[in-house]
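Take a look at the structure below.
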Amino acid sequence: MPSFVKAVIFLAFSALCAAQQWEVLDDVKLPKALSDNTATATPSGTILVAGGCDAPRGNTFIDAEGNQLDFFICESISDELYAFDPGEGTFTTLAKLPRPRYRHAAVYAGG
């Protein structure tokens, strides 16, 4: 299963938690493949998807030649912000983030 499908399933789970049911949204896809993004539920039920790694190959493993500092890095970081409507199963592209972000945290703070 492609990673973007797993992300959509997670989004659907977030939206359906209150109803305590699962639903696989096979036909729903993020506007582009992302990893290391955030998905934040709002009181209205919309889920905001912010930033992430949008490199075509995803994260790249960096071998630090025997050191214990091996790590993954993203070669392209997204500044995109999407709103997912679970009822409609659609994404809307919103204004870009002030700067690209990935491996970040997000929380809805009211308003």
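- Screening residues 31-62 for ring-ring contact (aromatic ring centres under 6.0 Å, His included) gives Phe61-Phe72 as the qualifying pairs, with residues at least two apart or on separate chains.
- Note on residues 33-53: pairs passing salt bridge (charged side-chain N to carboxylate O under 4.0 Å, His left out), not counting sequence neighbours, are Asp36-Arg103.
- The salt bridge (charged side-chain N to carboxylate O under 4.0 Å, His left out) search around Asp79 returns Lys96, not counting sequence neighbours.
- Residue Ile73 is found in a hydrophobic cluster whose other members, listed by chain and number, are Ile62, Phe71, Ile77, Tyr102; membership requires side-chain heavy atoms under 4.5 Å apart, directly or through intermediates.
- Screening residues 40-49 for salt bridge (charged side-chain N to carboxylate O under 4.0 Å, His left out), with sequence neighbours left out, gives no hits.
- For Arg57, the side-chain contact (heavy atoms from CB on, under 4.5 Å) partners at least two apart in sequence or on another chain are Thr60, Glu75.
- Smallest separation of non-hydrogen atoms from Tyr82 and Pro31: CE2-CG, 3.3 Å.
- The minimum heavy-atom distance between Asn37 and Ala50, with the atom names listed, is CB-O, 3.4 Å.
- If you take CG on Leu34 and OG on Ser78, they are separated by 5.5 Å, rounding to the nearest 0.5 Å.
- Atom CD of residue Glu80 and atom CG of residue Leu97 lie 8.0 Å apart, to the nearest 0.5 angstrom.
- Each of Asp85, Ile47, Val49 was scored for a side-chain contact (heavy atoms from CB on, under 4.5 Å) with Phe91, with one residue passing: Val49.
- Side chain of His104 to main chain of Gly51: no donor-acceptor pair is present (N/O by atom type, distance under 3.5 Å, no hydrogens or angles).
- For Ser76, the side chain to side chain donor-acceptor pair (under 3.5 Å) partners are Asp54, not counting sequence neighbours.
- Every residue meeting the side-chain contact (heavy atoms from CB on, under 4.5 Å) condition with Leu94, not counting sequence neighbours, appears here in chain and number order: Leu48, Leu81, Ala83, Thr92.
- The list of disulfide bond (SG atoms under 2.5 Å apart) pairs with a residue in residues 25-54, not counting sequence neighbours, reads Cys53-Cys74.
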